[in-house]
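Side chains are part of it too, since the values below use all heavy atoms of this structure and drop only hydrogens, waters and symmetry mates. In this text the structure is predicted, and so the values were computed from the model without any measurement.
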Amino acid sequence: MQLYISAISALSRVFGVLAMLLTASAALVVTQMVVLRYFLNESTIWQTEYVIYALVAATFLGSPYVLLEKGHVNVDLLQLQAKPPLRRLMQLLSALVSIAFCALLGWSGWTFFHEALVGGWRTDTVWAIPLWIPVLPLPLGVGLLVLQYIAEIMKLYGGAR
């Protein structure tokens with residue numbers, strides 16, 4: 001159990017770093033785009049699309065790290081007032097509902113990714129990148145989020161922190 005928790009936590013941290021790098025690269029590309037458009041009067045082709053896809057990817061890929069660090073928004077007024085056994089039960093139910101939602105989202109994202117890959121779909125922009133590239137972070141990120149939720153349940157009932 002501890003090996004699973006450690007491995008998933010390490011993977012979530014790696015994805016957190018990747019999300020940070022994607023966000024930083026998006027900021028740099030926005031800066032480059034502003035310089036090109038407003039100071040050099042040149043057009044931009046790929047920058048807007050890259051920034052959108054990078055920030056969406058950072059959101060999905062970074063979500064397991066946010067869960068690991070307890071950074072997701074919680075409404076825990078009832079949990080904080082409940083006795084520890086009831087609090088754990090509430091946390092378990094919350095995690096199970098979240099796993100169900102993320103599993104459905106991951107499955108539909110995987111289906112969309114597969115269709116885009118097999119169908120050779122491309123974006124309808126000048127850049128026209130293969131659509132599977134910006135779609136992949138959805139099933140990948142929420143898939144790891146499911147694994148991180150399982151690790152959080154193990155921590156809750158296994159005593160590991």
Smallest separation among heavy atoms of Leu68 and Ser9, with atom names: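 Residues Leu68 and Ser9, closest heavy atoms: CD1-OG, 3.5 Å.
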What are the two closest heavy atoms between Ile133 and Pro137, and how far apart are they?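 Reported closest heavy-atom pair: O-CD, 3.3 Å.
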Do [X] and [Y] share a hydrophobic cluster, counting only Ile, Leu, Val, Met, Phe, Trp and Tyr and linking them when any side-chain heavy atoms are less than 4.5 Å apart?
X: Ile52; Y: Leu18; answer: yes
X: Val146; Y: Val66; answer: no
X: Tyr157; Y: Ile8; answer: yes
X: Leu96; Y: Met1; answer: yes
X: Leu61; Y: Val29; answer: yes

Can you tell me how far apart [atom1] ([X]) and [atom2] ([Y]) are? Round to the nearest 0.5 Å.
X: Thr44; Y: Arg37; atom1: OG1; atom2: CZ; result: 4.0 Å
X: Thr59; Y: Leu138; atom1: OG1; atom2: CG; result: 11.0 Å
X: Lys70; Y: Asp76; atom1: NZ; atom2: CG; result: 12.0 Å
X: Phe15; Y: Met20; atom1: CZ; atom2: CE; result: 14.5 Å
X: Glu49; Y: Asp124; atom1: CD; atom2: CG; result: 9.5 Å

Side-chain contact, heavy-atom cut-off 4.5 Å: [X] with [Y]?
X: Phe113; Y: Leu131; result: no
X: Tyr65; Y: Val17; result: no
X: Gln79; Y: Gln91; result: yes
X: Thr111; Y: Ser108; result: no
X: Leu67; Y: Ser12; result: no
X: Pro64; Y: Leu11; result: no
X: Val142; Y: Phe60; result: yes
X: Leu145; Y: His72; result: yes

Derivation of the side-chain contact (heavy atoms from CB on, under 4.5 Å) call for Tyr53 and Thr123: CA-CA 11 Å; Tyr53 292 148; Thr123 58; 3.2 Å; yes
Applying side-chain hydrogen bond (donor to acceptor under 3.5 Å, both in side chains), can you list everything that pairs with Gln47, at least two apart in sequence or on another chain?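 Per chain and number, Gln47 pairs via side-chain hydrogen bond (donor to acceptor under 3.5 Å, both in side chains) with Gln32.
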Pair Ser25, Tyr50: side-chain N/O donor-acceptor within cut-off below 3.5 Å: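 Yes - a donor-acceptor pair under 3.5 Å links their side chains.
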Please work out whether the ring planes of Trp121 and Phe112 are parallel, tilted or perpendicular, with thresholds of 30° and 60°.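 Ring orientation, 0 to 90° scale: tilted.
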Should Leu78 and Met90 be marked as a side-chain contact (heavy atoms from CB on, under 4.5 Å) after you check the CA-CA gap, both sets of side-chain angles, and the distance that decides it? CA-CA 9 Å; Leu78 292 176; Met90 294 167 105; 3.7 Å; yes
Determine, step by step, whether Thr125 and Trp46 satisfy the side-chain contact (heavy atoms from CB on, under 4.5 Å) criterion, reporting the C-alpha distance in whole Å, the side-chain angles of both residues, the deciding distance to 0.1 Å, and the verdict. CA-CA 9 Å; Thr125 61; Trp46 58 270; over 6 Å; no
